[in-house]
Participant: 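Here it is, the structure in full.
Heavy atoms only: backbone and side chains are in, while hydrogens, waters and symmetry mates are out. Just so it is clear: chains get the letters A, B, ... in the order the sequence lines come, proteins before strands, and each one is counted from 1.
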2 protein chains.
Amino acid sequence: MQKLPGKTVERLSEYRRTLINCLSEGKSFIYSHELAHMHHKTAVQVRRDIMLMGFSGLQRKGYDVKEMIDAISEILDSPEGQNVAIIGIGHLGTAILHYFKGKRAKLNIQALFDTDPQKIDRIIDGIPCYHPEKLDDIVHKYRINIGILTVPPEKAKELKDQLIQAGIRGILNFTTVPLKVPDHVYLEEYDMITSIEKVAYFSGK
Amino acid sequence: MQKLPGKTVERLSEYRRTLINCLSEGKSFIYSHELAHMHHKTAVQVRRDIMLMGFSGLQRKGYDVKEMIDAISEILDSPEGQNVAIIGIGHLGTAILHYFKGKRAKLNIQALFDTDPQKIDRIIDGIPCYHPEKLDDIVHKYRINIGILTVPPEKAKELKDQLIQAGIRGILNFTTVPLKVPDHVYLEEYDMITSIEKVAYFSGK
DNA sequence: TGATGATTGTGTAAAAATTAACAATATACC
DNA sequence: GGTATATTGTTAATTTTTACACAATCATCA
Ligand SMILES: NC(=O)c1ccc[n+]([C@@H]2O[C@H](COP(=O)([O-])OP(=O)(O)OC[C@H]3O[C@@H](n4cnc5c(N)ncnc54)[C@H](O)[C@@H]3O)[C@@H](O)[C@H]2O)c1
Ligand SMILES: NC(=O)c1ccc[n+]([C@@H]2O[C@H](COP(=O)([O-])OP(=O)(O)OC[C@H]3O[C@@H](n4cnc5c(N)ncnc54)[C@H](O)[C@@H]3O)[C@@H](O)[C@H]2O)c1
C-alpha cells in the first residue's frame with residue numbers, strides 16, 4: 001500500500017496507544033468523537049485518519065476497538081517484526097530501554113551499545129550490551145534495522161556513520177546535533193529543549 | 001507581539017541551538033541555505049521564519065549569528081525568565097534534569113518532586129527534591145509556571161491536577177496517558193513510541 | 001414496523017504550511 | 001567605477017492539512 005502521511009501515522013500510533021488502554025478497561029466500541037476528545041483532535045480528523053487507513057466502523061455503534069487495533073497494527077507493524085538497537089546507555093538510553101521493553105511485540109530491542117566497561121558484555125534489563133566496535137557484526141547477526149541514538153553529542157556523527165555503514169534503515173536521533181543521512185535512511189530527530197521552549201513560549205502571557 | 005505559529009517557534013528553537021554551536025566554532029555569519037541544510041529544511045523556509053520574527057540579514061553576507069541568537073532569544077525567552085519543576089525523578093526525569101541543567105539561562109529548574117523517600121529533601125544535581133504534598137507551596141514560593149511530568153502513567157492525572165491547582169501555566173507531558181487541561185494552560189505531549197513507530201513505518205520497505 | 005436521531009463516510013471548502021519565483025540589493029571582481 | 005552574481009525579502013502559487021456539511025446508514029424505541 002501507498003505510504004500514509006506522516007501526521008496520520010503519528011496519530012494512528014497515538015490512537016493505538018489509547019485503544020489498547022480502552023480494551024484493557026473492557027471498552028469494546030468507541031465513537032470517533034470519544035477518541036478525538038482523548039487526543040485533543042476533532043472527530044472528523046479521527047474519521048479521516050481511519051478512512052485513510054482503509055478501516056471502517058459501524059454506524060451508530062462506532063469502531064470495534066479490537067478490530068481497530070488490529071487494523072492499525074496491520075499498517076504500523078511489519079509482519080516479521082523489526083529489530084532495534086539503542087546506542088548509548090546513559091540516563092536517556094536507560095529510560096528508553098526501560099520504558100520500551102515489551103511494549104511493542106513487533107519492535108524488539110535486540111542490542112545495546114556503550115563504551116562504558118561497566119556495561120560492555122553485561123545484560124541490562126534483559127538485553128545484551130556490546131562495545132560499539134561490534135556494531136557491524138551484531139547489526140547483521142540480529143538483522144537490526146533501526147537505531148536509537150542516545151550517545152553524547154560529540155559522538156553522534158561517528159555512531160550515525162557506523163550505523164549507516166552497517167546497513168541500518170532508520171535512525172531516531174535524540175542527541176543535540178542534527179545529523180545528515182543518505183536518502184535511503186529515514187531520520188527522525190527530537191529535542192526536549194524545543195518542546196520545553198515551545199511550552200514556555202505559549203504559556204507566557 | 002502576536003504569537004508566532006507553533007511550527008515556526010519549534011524551528012526557531014532548533015535554529016538557536018545550532019547557531020550557538022556555530023558561534024562557539026567562531027562562525028559569525030551564516031546564509032539561509034547553510035542553516036537550512038543543517039536542519040533538513042529549505043532556505044526559503046528559514047528566510048520566512050526569520051521574516052516572521054522580524055529579523056533581517058545582510059544581502060550577500062547572510063545573517064549575523066550573534067544578532068540572530070539574540071533576536072530568537074528576544075522571542076523565545078521571557079525577560080524575567082521562567083521557572084520549571086520536574087515531577088517524577090525516575091529514569092526519564094533524571095535524564096531530562098541532567099540534560100537541561102544550565103543549558104538555558106532563562107529556564108530555571110527550581111524544584112523536583114518525587115515520592116521516593118531516598119529522594120525527598122535531597123539535592124539532586126543541584127536542585128532540591130520535595131514530596132509532592134509540598135507542590136502547591138513550592139510552586140508559589142518559587143513562582144514556578146512550567147511543569148514537566150515524568151511520573152508513572154497512573155499518577156499522571158492526579159499530579160496534572162495538582163499542578164493546575166497550584167496555578168501552573170504550561171505542562172510538558174511525557175507520560176503515556178493523554179491529559180486534559182483547561183484553556184488557560186498550555187499542554188505539550190510527547191511519546192517516544194510514536195517516534196519509533198514512525199521511524200519503523202517509514203524505514204520499512 | 002416505522003419514525004427518530006446519532007453516527008459514520010466522504011466530497012468540498014477553508015486554512016495552514018511550504019515552496020516557487022523574482023525584484024531588490026549589496027558585495028566582489030575586473 | 002561598472003558589471004556580474006549571490007543572497008535576501010516578499011508576493012504569489014502550490015501543496016498539505018484540517019474542518020465543514022451533509023447524505024447514507026443503522027440501532028433504538030414508540
Ligand atoms: N533529545 C532529548 O530530548 C535529550 C534529552 C536528554 C538528553 N539528550 C541527549 O542524549 C544524549 C545522552 O544523554 P544522557 O543524559 O543519557 O547522557 P549520558 O552521559 O548519561 O549517556 C551517554 C552514554 O553514552 C555512552 N557512550 C559514550 N561514548 C560512546 C560511544 N562512542 N559509543 C557508545 N556509547 C557511548 C556513555 O558511556 C554513556 O553511557 C546526549 O547527547 C544528550 O545531549 C537528549
Ligand atoms: N514519553 C516518552 O517518550 C517516555 C519515555 C520513557 C518513559 N516515559 C514515561 O515517563 C514516565 C516515567 O518513566 P521512567 O522510566 O522515568 O519511570 P520511573 O519509574 O523510573 O520513574 C518514575 C518516578 O516517579 C516517581 N513517582 C511515583 N509516584 C509519584 C508521585 N505521586 N509524585 C511524584 N513522583 C512520583 C517514582 O518514585 C519514580 O522516581 C512513565 O509514565 C513512562 O511511561 C515516557
Participant: Under a 4.0 Å heavy-atom cut-off, which of residues 186-197 of chain A touch DNA chain C?
Facilitator: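 Contacting residues: none.
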
Participant: If only side-chain N and O atoms of Q59(A) are considered, is one of them under 4.0 Å from the OP1 or OP2 phosphate oxygen of dA24(D)?
Facilitator: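 So the side chain of Q59(A) is outside the cut-off, no N or O lying under 4.0 Å from OP1 or OP2 of dA24(D).
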
Participant: Just wondering, do P178(B) and T18(A) contact through their side chains at under 4.5 Å, heavy atoms?
Facilitator: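 Sidechains of P178(B) and T18(A): in contact.
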
Participant: Measure OH/Y31(B) against C1'/dA28(C) and give the value in whole Å, please.
Facilitator: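 Rounding to the nearest Å, OH of Y31(B) and C1' of dA28(C) are 11 Å apart.
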
Participant: Can you see if the side chain of Y63(A) gets near the phosphate of dG9(C) - specifically, an N or O under 4.0 Å from OP1 or OP2?
Facilitator: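 It does, given that an N or O in the side chain of Y63(A) lies less than 4.0 Å from OP1 or OP2 of dG9(C).
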
Participant: Figure out the NE2/C1' separation between H33(B) and dA20(C), and round it to whole Å.
Facilitator: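 Atom NE2 in H33(B) sits about 18 Å away from atom C1' in dA20(C).
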
Participant: Suppose we call a contact any N or O donor and acceptor under 3.5 Å apart; does that hold for the side chain of R48(B) and the base of dT11(D)?
Facilitator: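 Check passes, donor-acceptor contact within cut-off.
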
Participant: What is the separation between atom NZ on K7(A) and atom P on dT16(D), rounded to the nearest whole Å?
Facilitator: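 Going from K7(A) (NZ) to dT16(D) (P), I get 12 Å.
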
Participant: Determine whether Y63(A) and L35(A) make a side-chain contact, defined as any pair of heavy atoms from C-beta on separated by less than 4.5 Å.
Facilitator: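 With C-beta onward as the side chain, the pair stays apart.
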
Participant: Rounded to the Å, how far apart are Q45(A) CD and dT8(C) P?
Facilitator: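 Spelled out: CD on Q45(A) to P on dT8(C) is 15 Å.
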
Participant: Using only modelled atom types and a 3.5 angstrom limit, is any donor from either the side chain of R60(A) or the base of dT8(C) paired with an acceptor on the other?
Facilitator: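 Between dT8(C) and R60(A), which were checked side chain against base, a qualifying N/O pair under 3.5 Å is absent.
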
Participant: Counting only side-chain nitrogens and oxygens, does S56(B) get under 4.0 Å of the OP1 or OP2 atom of dG9(D)?
Facilitator: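 It does, given that an N or O in the side chain of S56(B) lies less than 4.0 Å from OP1 or OP2 of dG9(D).
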
Participant: Over how many whole Å does the gap from K61(A) atom NZ to dT8(C) atom P extend?
Facilitator: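 It works out to 13 Å between those atoms.
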
Participant: Could you check if a side-chain atom of S28(B) sits within less than 4.5 angstrom of a side-chain atom of K66(B), using non-hydrogen atoms only?
Facilitator: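 Answer no - side chains too far apart.
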
Participant: Would you please classify the geometry between the F113(A) ring and the Y130(A) ring as parallel, tilted or perpendicular, with 30° and 60° separating the classes?
Facilitator: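 The rings of Y130(A) and F113(A) sit tilted, inter-plane angle from 30° to 60°.
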
Participant: For L58(B) and for T8(A), find the nucleotide of DNA chain D with the closest heavy atom, then tell me which residue's nucleotide is more 5'.
Facilitator: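 Looking at DNA chain D, the more 5' nearest nucleotide goes with L58(B).
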
Participant: If you assign M51(B) and T42(A) each to the DNA chain D nucleotide with the nearest heavy atom, which residue ends up on the more 5' nucleotide?
Facilitator: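 So the residue in question is M51(B).
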
Participant: What I'd like to find out is whether the side chain of E14(A) reaches to under 4.5 Å of the side chain of V9(A), using heavy atoms alone.
Facilitator: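 The answer is no; the side chains never approach within 4.5 Å.
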
Participant: To the nearest Å, how far apart are R47(B) CZ and dT11(D) C1'?
Facilitator: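 Atom-to-atom, R47(B) to dT11(D), this comes out as 13 Å.
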
Participant: Reckon I50(A) touches a base, only the sugar-phosphate, or nothing at all at heavy-atom distances under 4.0 Å?
Facilitator: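 It contacts nothing in the nucleic acid.
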
Participant: Could you list all the side chain to side chain donor-acceptor pair (under 3.5 Å) pairs where at least one residue sits in residues 89-106 of chain B, not counting sequence neighbours?
Facilitator: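 Sorted pair list: D191(A)-Y99(B), E197(A)-R104(B).
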
Participant: Quick one: does any side-chain atom of H39(B) pair with a main-chain N or O of V46(B) as donor and acceptor, under 3.5 Å?
Facilitator: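 No.
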
Participant: From CG of L52(B) over to P of dT8(D), roughly how many Å is that when rounded to an integer?
Facilitator: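 So the two atoms are 16 Å apart, to the nearest Å.
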
Participant: Using whole Å, what does the distance between atom P of nucleotide dT7(D) and atom CG of D64(B) come to?
Facilitator: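 It works out to 17 Å between those atoms.
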
